[in-house]
Structures are given as C-alpha cells and as structure tokens.
Student: 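Below are the structure tokens for one structure; questions will follow.
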Amino acid sequence: MENFIDIEKKWQKFWEENPNLYHAIDNDKSKTKKYVLVEFPYPSGSGLHIGHTFSFTGADVYARLKRMQGFNVMFPMGWDAFGLPTENYAIKTKQKPQKVTKDNTDMFRRQMKALAFSFDWAREVNTTDPKYYKWTQWIFIQLYNKGLAYKQEMPINWCPSCKIGLANEEVVNGHCERCGSEVERRTISQWVVKITEYADKLIEGLKDTDFIEKVKQAQINWIGKSDGAKIRFKLSPNSASILSSSRPQTSSSDDSGRKIDASSDHELEVFTTRPDTLFGATFMVIAPEHELVSRLMDNEEIKKYVVNARSKSDMERTELAKDKTGVFSGLYAINPVNGKEIPIWISDFVLASYGTGAIMSVPAHDERDYDFAKKFGLEIVPVIEPEGGWDFEKAPYTDVDNGKIINSEPINGLTPAAAFEKMLTWIKEKGIGEKTSSYHLRDWIFSRQHYWGEPIPMIYCEEHGWQPVPENQLPIVLPEVEQYEPTDNGESPLSTISNWVDTVCPVCGKKARRETDTMPNWAGSDWYFLRYIDPDNDTEIASQEKMKYWMPVDVYVGGDEHNTLHLLYSRFIYKFLYDLGVMPKENPEPYYKRLSHGVILGPDNQRMSKSRGNVIVPEDVSTKYGVDVVRMYLMFMGPFDSTMAWNENTLMGVKRFLDRLQNYFDKQSKQINNENASNAKVDVIINKLIKKVTEDTDNFKYNTAIAKMMEALNELNALGETYIGGKYLKDIVKMLAPFAPYSTEEEWSKIKNDKDEISVHIAKWPVADETYLVEDKMRVAIAINGKVRDEIEIESENQNNQSEIISAAKETEKIKSWLSGKSIVKEIYVPGKMVNLVVRD
RNA sequence: GCCGCUGUGGUGAAAUUGGUAUACACGCAAGACUUAAAAUCUUGUGCUCUCAAAAAGCGUGUGGGUUCGACCCCCGCCAGCGGCACCA
C-alpha cells in the first residue's frame, strides 16, 4: 500500500492539472451562488502557522460541502502583503520588499496547496500589486472628492530611536514594537478619513447582517454613541474682555476647514449626556488643547501646566487617571439656567478629541467631577436625591434610574429621565443648546511614514493646494529604489526620491510635489473581497454585473481580533462606495454572516510564541502524520469558535480512526460491485449519519460531525461481516471528503465507476432517505417524580397512543415496586420520549 | 468601572434547545497477541457505599426560584477569559 506522502503527491498533482474542480463560474444563473470568504493572511517569513491552518480548514470544509451540494461556490485567497514586518526584514537582509513579498507568497501558496485548501487560484489577489492598489488609490481619491479625506496636524506616536512615526498597532505598552524605546508624541500633518460621518450608518446597517451578537456589540461599543446635548455657556463680561485682548497669533489649522472648537469669544460650548443636571453645574473644565487655552499662555502657571500636560503621552495621562490635576484659567462662565457665575478650570482629564473638548462639571452626580471638586475645594450642589437621601460628603450620586430632581426651580420633582427630556426642549426654546450625539469613534489617521505601502495619490501645488492625481494616471506606482530606510526627519522614505516626488500640478501644470506618505495596512484589506469578484478588471473596481451576482459575501470567517477595526473600516468603505452608486443597490452591507474562529493554544495551554517554545508548525505535523490527520484533528478538537490547546494524544485518536476506516474500506471493497448489498440496520446507520453530518457541517459544528462518523464506524464494525454495498461506501467517502481530501480522493479513485465524477470533491453530496430515519421500535423512559427508574420498548407507530403506553409503563416490575403504597397524582407523557408519574405517599 | 463570553468526569468536550446528563475522543486499569516492547484488538471507567454485584443515594461553579421535570428559563453570588476604559 502506498503511504500518505505518495498519496498526497499524487493527488496534489491531479488537482493542479484539474484546476477547474474549484473554479467559481461568474454569472452562472443555473446554480445558487455561495461566496465563502476567509480573511487573507499577511505573508510573513515564518510561513503558515497553525492558526491559519485552523481557520482556513474550517472555511475550506464549508466551501467543499457547499460545492458538493451543488452551489456555485467562490472560495478565493490572496495576500495582504504591505506592512512593516516585510519592510523591516527587507532592510535587515538588504533585499527589496518586493522580492521578500514574492518569496513569502510563493511559500504560503505552496503550503496552502499542500494542505489541500480548495481555493480558486485563478482569482488570487495581492494588495502590493500595482494593478490591485490602483483601485485602493482610486478609492482614496473618491473619499477626497467627497470631502471625506482631509489633511490635519495630528499627534502621532514617535519613536526617537528608530526616528519613525508608529501606528497605534505598532506601539506596545507605550514602547516601540521594534526597538523597545519609549514612544513620544509628535505632531505631524496627516491625511485623515472621516469615518465618523458614517457612525450612524454603521450602527444601523448591522440590522441588515446576520453577525453574531458578540460581533454586533463589539462594533456598537467601538463606535460608542452617546445621546445628549450641546449647551452654550456665556462667558462673564470680564472674562470675555480678557480673551478679546489676546487673539491667537495664527490659526494652527491649514486647509482642512475643520474646526474642533465651535466656541466664540463670548461662549463656551460643552457636550453633556446629563442635561437633567444642568442646575448642578458649579464649574467648567476645558482640555489643555482647547482653543481658549492658547490665549492664556501669558500666565506662567497655566503655561507650565499646559506644556507639561501636552508632553504627556496618552499612556501617562490614563495611568494617572485617579489623581486629578488642573489649574484655574482665571475665566468665569454663566450657568444659563440660573445665572450663576462659575469658574473655568483647565485639566487633562478632559479629552480634546471628544465632544467639544470642554465640559460642564456637576460634581454631585459624576465621579470625575466629584474627585476634581474635592481636590480643588469647588462647590458641590446636589440636584438629584434618591428616596432616603444621600450623603454627598462621601460620594456623588450617579444613578439615573432613581431619584427626584431638587434645587432646580422649574423641574423639581421630576425623575432624571423626565428632566432629561424637559431640559432638551427647554434649552432649544431658549436658544442655548440642542440635542446631539457624540461618538467614541475617531476619524481615521490614514498616513504612514513608511515605504512599504500604497502611495497616497495626492499632489501639492503652491498655488492650488492639494489636488488628487487624475484618475487616468493611476496607479501611482511605488518606486523601486535602493533607499527605503526611514529618514531622520520623520518623513516617508519616498521623500528622498526627488525624481519621483517632483511632478506637476494637475490644475496649472506648474511644479508640484507628490504626497510621500503611504496608506495604512487596512487600506488594501478593506475592499479585497470585491476584487476577487473581478480580479483582472482594468476599467472598474469590479464589473457591476459580477458584483450583482456575487455580493454579498455569504459567510466571512475571521478572527476576533478583527471584529472591530478591520470589519468596521471595511464596512465603512463599502458603504461609502455604495452611496457613490458603485455597489449593487440590493446590498447595503458587504458581509451577510460573520463567523469568528477560535484560537489554538500550545500544548502547555499558553498562547503559542517563539519565546515560550510551544509553537506547533503545521508543516512539521503534516509530514509526520499526514495532512488529512492534521485537518481532521483541528476540526475535531472542539467547537470551531472556541479556544483550545493542542494535544497530540487526541490527534493520535483521529489518526486511529482514519486507519480503522481504511481497514474497513479494504474489507468492504471485495463486495464493491454489489451496489446495494445491505441490511436494515445498515440503512438506518447510514441515513442517520447522512442527516447528522449534513446538519452539523452546515452549521460549522465539525467536532460533532466527526464524532458521528466515528460512532457510525463503531456501529458498522460491530455488525461483523456485513457488506454495505457500493452506494453507502461512496456516501461515507463523500461525507469524509471535506475533512480528509487526500485519502478520500484515493479511496474514491478505487471505488468509483465510469458514471461517477472524476473527483470526489465534485461528487454529489448524499441526501438522507427519510424513510430509514424512523425506527420501528422506540425506547420510552419511565420516571417517578422526574427521576428515571425504568424504560419500556414500544412500536413507533403506537407512540401517540398515550393511555396504552402509560398503563404499560405502570406494569413493569421496577415501576410496580416504586408505586406500591403510593398514589399517582399526575401522569405526563412526552410522545416517544418518556413517561413521568408524579406520586405521593 | 463598563460591555461580551465561559464554568459539565482525570482531560478535550456532547446533550435533538425544558424530557433518560457525560455521546465521541484522550487518559487510566485489566486482559489478548509477543521472548519483550511498540502497534493493534477486547473489556471496564462520574462520585459515595460494596470483596464484588444488585439496589440506593449524590452529581453540570454556588445559593435560591419557576416547573410533573432544569446543564438549559428567572433572581442573587463566586471564579476565569476576552475587549474597551478619565468618552462628560
């Protein structure tokens, strides 16, 4: 007999020579389409890891099932290949990133083919291919044209040792991921994408999807919508005159037209979720970055505080969260509802990036305001009191569901909820504010000062400002050069390539400069699922007709770590393109179902990592035991979405099962020509198996599907020398095929006849014959007071004959002894399941 | 602190969603084959009581509740995991 290595070689070659087995056919109306997507990998130098193997196998099993069930399945694969690790590796080994990427994707592709994933390789995409990123750049231009991309001074994470700007994801606990030195803040002019414009649409759109609750919640939390009001506080006359005498020297913003701060010299605008507590506002606090503060820098104390606060990293600010700091601004505002003059403080616990960068402080009813008031001896005025009173000396009262409004002349006695509504109308009538919402979601910083990314297709002209590259000049190809190390000044390495940077203005034709920043990693992975639909299209992102056929993605398999950022960015870009009219109007959402796969831990129950030395390399295990064993084990070890530890003993159990099955097939093959040699027991075993395996596989419950196959084999073996016939033998091979593609293909080649498909992987999935699912006899449990004491066997056709079954139940020896001396007060019969007799002494 | 999830044998886990708890697999024990070991096969395996068996009792983190009947539904608590976190 051939060993598994020969078998794998043989069939890999066969599949390579027959790629049409897994081809998805565009616009095939004769079949129902099924778009099965799994997150494409970043092709790192260390090859496919066990997590990839796990999630890809899970998606592959599903794709194979659907294909065999007669769907027109698209199951594509590609490479999310821009990114820092490649750039760093290239710098270290003095190779071109293009070359490193090529080597890595070649390795990944080879490993994937060895693992028998049924990808449609004709649709392979690569985010670093100019033909691909032409469209990534095109999307950016559309964003710019619609006013959703703007340039702004933004603080970034700066590594002083690498001399490079770091993305948030490259900062680990306040330190540079690469060199470990502490990250500083620096302000750099950056491209920003207005995802916040779509915040509401991204929340509402979730109802058009079938994501699991956990994912929907993650998205909603990340967007973090709060309903409340904007309220304008007039400054006291004195304060207003102080300010008007010190206008800011220059406006810090350049051309974005965005104003963070809507306040004028006479007003200070705040956002609050608690307008019901407005009468309790006894002071105000503004962020050190607030526009007003820049006009108060003559005061040494304020200047010192502000300079210090601005130099703090986000880390430091939040770490010191408990201990409030602050300084009095010298200014006063008027509480619009009671005319009270209240002080304005400056403190870094107020975030410039949320709301208006200024708050009204109600210390009696907010933890942070309370801490601040206690520390600086500010007034605390309660405006809500619960029944039974509250000791405001000890703590603030923050419960919104209970209590009555006090100390608030026109609204006294209302509940906080009623007061909330009342105040919204009131501030509107008085013209001092209006209802609004605020979001945790921030606009998306889109610039990276790295080489290995998509060039941002923008040109700067002295006269005409920022202009998009004309679309017919796309793609702007990343120049291949010798120098792509980071520069000293924090600019992208592209800035040193003068013959690339120097260009002409698309408006006036005069000298102009290209943008030298590149896009973040997310840019290419936002929309890749669209490109699979039409990977070679040169004139459109994808053809309308094809998108109409394939969209939406039916099932999207990915990791929990992408449930917020990637999924949100991706939905945003899709919705933007949808509003642009580029997407089919039937599909406002890109993904119908989202499935998150679990995590495979090392044998020590710890996350796999090189430093722990607990890494399992798929290629090592598959050369030792065979690909089928590895695939099947991964699917058997537990539910597809849970965290599980690698255990080689359990893997051996799967291997034994496959070996036993092989023996069974070898014995059975003697009678292969006898299509229907079978008996009643076999009919039941196989048809039940088909039903269960089909259901479970369809629902990604692979572990129980495999358990059923094991159970069935045990049952068949227990029948001894019974031949089950060719049809059932083929059914078993088919059901196993998605999990164990090699050995089933081998077995299929032995047992198939001329009428059968050339490959088991395009054979027709079996359908259970319902007539065999009903057994003639059933076992009915008999319980006394809910505890099972005995059981009887009944004819299935009699299962609804309640009185007969109950009297039979009372007649068994065991039950009689349980009943003696007791009286039956109630009899319950669950058809075909059980009898419960409720008795009393 | 907030949001989400999970607690079932020695282990990974099942349970038709309110109807016989522990399927399947691992591990362990005993046996068969073998000079021996590995591999393979057979049998047993929740706990207590028992030389053993029968019978009984106890058993799904924990305390209550609803129900003829609860791993499943409701209320409270404990433990663990993941995400967010000075978001006004």
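Numbered from 1 within each chain, the chains take letters A, B, ... in sequence-line order.
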Student: Using the C1' atom in both, what is the distance from B:rG12 to B:rG64, to the nearest Å?
Tutor: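 32 Å, rounded to whole Å.
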
Student: Less than 4.0 angstrom between a side-chain N/O of A:Arg789 and OP1 or OP2 of B:rG57, yes or no?
Tutor: yes

Student: Just call it for A:Met834: base, sugar-phosphate, or nothing, with non-hydrogen atoms closer than 4.0 Å on any strand.
Tutor: base

Student: Between A:Asp348 and A:Pro288, is any pair of side-chain heavy atoms under 4.5 Å apart?
Tutor: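 Yes - at least one pair of side-chain heavy atoms lies under 4.5 Å apart.
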
Student: Which part of the nucleic acid, if any, lies within reach of A:Asp369 when heavy atoms closer than 4.0 Å are counted: base, sugar-phosphate only, or nothing?
Tutor: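 No contact.
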
Student: A:Asp696 has an atom CG; how far is it from atom P of B:rU16, in whole Å?
Tutor: 11 Å

Student: Does B:rG9 count as syn, meaning its glycosidic angle lies within 90° of 0, or as anti?
Tutor: syn

Student: A:Glu269 versus A:Phe233: any side-chain heavy-atom pair under 4.5 Å?
Tutor: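 Counting from C-beta outward, A:Glu269 and A:Phe233 never come under 4.5 Å.
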
Student: Side chains of A:Val621 and A:Leu651: does their closest heavy-atom pair fall under 4.5 Å?
Tutor: yes

Student: To the side chain of A:Lys787, which of B:rC24, B:rC86, B:rC58 is closest?
Tutor: B:rC58

Student: Will you find, in the side chains of A:Asn714 and A:Asn717, an N or O donor that is under 3.5 Å from an N or O acceptor?
Tutor: no

Student: A side-chain contact here means heavy atoms from C-beta on lying under 4.5 Å apart; do A:Pro396 and A:Asp366 qualify?
Tutor: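 In short, these two side chains do not touch, never coming nearer than 4.5 Å.
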
Student: Starting at OH of A:Tyr625 and ending at C1' of B:rC26, how long is that distance when rounded to a whole Å?
Tutor: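 Taking OH of A:Tyr625 and C1' of B:rC26, I get 14 Å after rounding.
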
Student: Using atom C1' of each nucleotide, how far apart are B:rG27 and B:rG63 to the nearest Å?
Tutor: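 Result for the C1' pair: 34 Å, nearest Å.
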
Student: Expressed in angstrom and rounded to an integer, what is the separation of A:Lys814 atom NZ from B:rA55 atom C1'?
Tutor: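 The distance from NZ of A:Lys814 to C1' of B:rA55 comes to 9 Å, rounded to the nearest Å.
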
Student: Specify the glycosidic conformation (syn or anti) of B:rU17, with syn defined as within 90° of 0.
Tutor: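 B:rU17: syn glycosidic orientation.
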
Student: Take atom CZ of A:Phe700 and atom C1' of B:rA14, then tell me their distance rounded to the nearest Å.
Tutor: 20 Å

Student: Using the P atoms only, state how far B:rC26 lies from B:rU16, rounded to an integer number of Å.
Tutor: 24 Å

Student: Cationic tip of A:Lys324 within the cone over A:Phe349's six-membered ring, i.e. under 6.0 Å and within 45° of the normal?
Tutor: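 Yes, a cation-pi geometry holds between A:Lys324 and A:Phe349.
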
Student: Which of the following nucleotides, B:rA88, B:rC84, B:rA23, is nearest to the side chain of A:Trp222?
Tutor: B:rC84

Student: Consider the side chain of A:Asn836, meaning its heavy atoms from C-beta on, and name the nucleotide among B:rA88, B:rG57, B:rG69 that approaches it most closely.
Tutor: B:rG69

Student: Please work out if A:Glu791 contacts a base, only the sugar-phosphate, or nothing of the nucleic acid, heavy-atom cut-off 4.0 Å.
Tutor: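 Touches a base.
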
Student: Nearest to the A:Phe636 side chain among B:rA14, B:rG12, B:rA88, which nucleotide is it?
Tutor: B:rG12

Student: Categorize A:Ser361 for me: base, sugar-phosphate, or nothing, with a 4.0 angstrom heavy-atom threshold over every strand shown.
Tutor: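 A:Ser361: no heavy atom of the nucleic acid under 4.0 Å.
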
Student: Report the nucleotide, chosen from B:rA13, B:rC86, B:rA88, that has the shortest atom-to-atom distance to any side-chain atom of A:Ile359.
Tutor: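 The answer is B:rA88.
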
Student: Measure from the side chain of A:Ala707, starting at C-beta and using heavy atoms only, and say which of B:rG19, B:rA25, B:rA23 lies closest.
Tutor: B:rA23

Student: Among B:rU20, B:rA88, B:rA14, which nucleotide sits nearest the side chain of A:Thr704?
Tutor: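 Given the options B:rU20, B:rA88, B:rA14, the side chain of A:Thr704 is closest to B:rA14.
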
Student: Closest approach to the side chain of A:Met710, judged atom by atom: which nucleotide of B:rA88, B:rA13, B:rA25 is it?
Tutor: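 Nearest to the side chain of A:Met710 among the choices is B:rA25.
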
Student: Using a cut-off of strictly less than 4.0 Å, decide whether A:Trp646 has a side-chain nitrogen or oxygen near OP1 or OP2 of B:rU11.
Tutor: no

Student: Which class fits the ring pair A:Tyr702 and A:Phe700: parallel under 30°, tilted 30 to 60°, perpendicular over 60°?
Tutor: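 Answer is tilted, since the angle falls between 30° and 60°.
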
Student: Say you pick atom P in B:rU48 and the same atom in B:rA54; how far apart are they, in whole Å?
Tutor: 16 Å

Student: Return no unless some side-chain N or O of A:Arg779 is found under 4.0 Å from OP1 or OP2 of B:rU20.
Tutor: no

Student: Anything under 3.5 Å between a protein N or O and an N or O of nucleotides 1-6 of chain B, put it in a table, one pair a line.
Tutor:
residue	atom	partner	partner atom	Å
B:rC3	O2'	A:Asn221	ND2	2.9

Student: Below 4.5 Å, heavy atoms only, C-beta onward: do A:Thr812 and A:Glu791 meet side chain to side chain?
Tutor: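 When only atoms from C-beta onward are counted, A:Glu791 and A:Thr812 do not touch, as no gap falls below 4.5 Å.
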
Student: When rounded to the nearest Å, what value does the distance between P atoms of B:rG19 and B:rG57 take?
Tutor: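 Between the two P atoms, the distance is 23 Å.
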
Student: Given B:rC68, is OP1 or OP2 found less than 4.0 Å from the side-chain N or O atoms of A:Lys826?
Tutor: yes

Student: Between B:rC33 and B:rU43, how many Å separate the two C1' atoms, rounded to a whole number?
Tutor: 16 Å

Student: So does A:Arg656 get a side-chain nitrogen or oxygen closer than 4.0 Å to the phosphate oxygens (OP1/OP2) of B:rC26?
Tutor: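 Yes.
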
Student: Got a donor-acceptor pair under 3.5 Å from the side chain of A:Asn649 to the base of B:rC26?
Tutor: no

Student: Whether the A:Tyr633 and A:Asn647 side chains hold a donor-acceptor pair (N or O, under 3.5 Å, no angle test) is what I'd like checked.
Tutor: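 The answer is no; no qualifying pair exists.
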
Student: Could you give the distance separating B:rC72 and B:rG65 at their P atoms, to the nearest angstrom?
Tutor: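 My reading of the P atoms in B:rG65 and B:rC72 gives 14 Å.
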
Student: If the plane angle is over 60° it's perpendicular, under 30° parallel, otherwise tilted; pick one for A:Trp444 and A:Tyr569.
Tutor: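 Taking A:Tyr569 first and then A:Trp444, their aromatic rings lie parallel (interplane angle under 30°).
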
Student: Let me know the distance between CG of A:Leu601 and P of B:rC81, rounded to the nearest Å.
Tutor: 12 Å

Student: Closer to the 5' end of RNA chain B via nearest nucleotide, is it A:Thr564 or A:Val830?
Tutor: A:Val830

Student: Is A:Ser226 close enough to B:rA88 that one of its side-chain N or O atoms is under 4.0 Å from OP1 or OP2 there?
Tutor: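 Affirmative; the distance criterion is met.
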
Student: Using a distance-only criterion (donor-acceptor N/O pair, under 3.5 Å, no hydrogens), is the base of B:rC24 paired with the side chain of A:Lys708?
Tutor: no

Student: Should A:Leu661 and A:Met709 count as side-chain neighbours, where that means a heavy-atom distance under 4.5 Å?
Tutor: no

Student: Are side-chain heavy atoms of A:Pro343 and A:Phe328 found at a separation under 4.5 Å?
Tutor: yes

Student: Expressed as a whole number of Å, how far does the C1' atom of B:rG44 sit from that of B:rA36?
Tutor: 26 Å

Student: Please tell me if A:Lys701 has a side-chain N or O lying less than 4.0 Å from either OP1 or OP2 of B:rA23.
Tutor: no

Student: Could you check whether any side-chain heavy atom of A:Gln799 comes within less than 4.5 Å of a side-chain heavy atom of A:Lys833, counting everything from C-beta outward?
Tutor: no

Student: Looking for any heavy atom pair under 4.0 Å, which part of the strands does A:Arg660 touch: base, sugar-phosphate only, or nothing?
Tutor: sugar-phosphate

Student: Starting at atom CG of A:Asp604, determine the distance to atom P of B:rU11, rounded to an integer number of angstrom.
Tutor: 18 Å

Student: Starting from P on B:rG12, measure out to CG on A:Asn605 and report it in whole angstrom.
Tutor: 8 Å

Student: Of all the nucleotides listed (B:rA21, B:rU16, B:rA23), which has the minimum atom distance to the side chain of A:Lys833?
Tutor: B:rU16

Student: Determine: side-chain N/O of A:Asn714 to OP1/OP2 of B:rA25, distance under 4.0 Å, yes or no.
Tutor: yes

Student: Pairs counted only when both distances fall under 3.5 Å, Watson-Crick or G-U: show me the 5' to 3' dot-bracket for RNA chain B, [ ] for pseudoknotted crossings and | for other-strand partners.
Tutor: (((((((..(((......[....)))((((((.......))))))(((.......)))..(((((..]....))))))))))))....

Student: Would you mind telling me which residue lines up with the more 5' stretch of RNA chain B, A:Met637 or A:Ile706, judged by nearest nucleotide?
Tutor: A:Met637

Student: For the pair A:Phe376 and A:Trp345, name the ring-plane relationship: parallel under 30°, tilted 30 to 60°, perpendicular over 60°.
Tutor: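 Tilted: the ring planes of A:Phe376 and A:Trp345 meet at 30° to 60°.
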
Student: Between P on B:rG57 and CG on A:Asn785, what's the gap in Å once rounded to a whole number?
Tutor: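 That distance rounds to 11 Å.
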
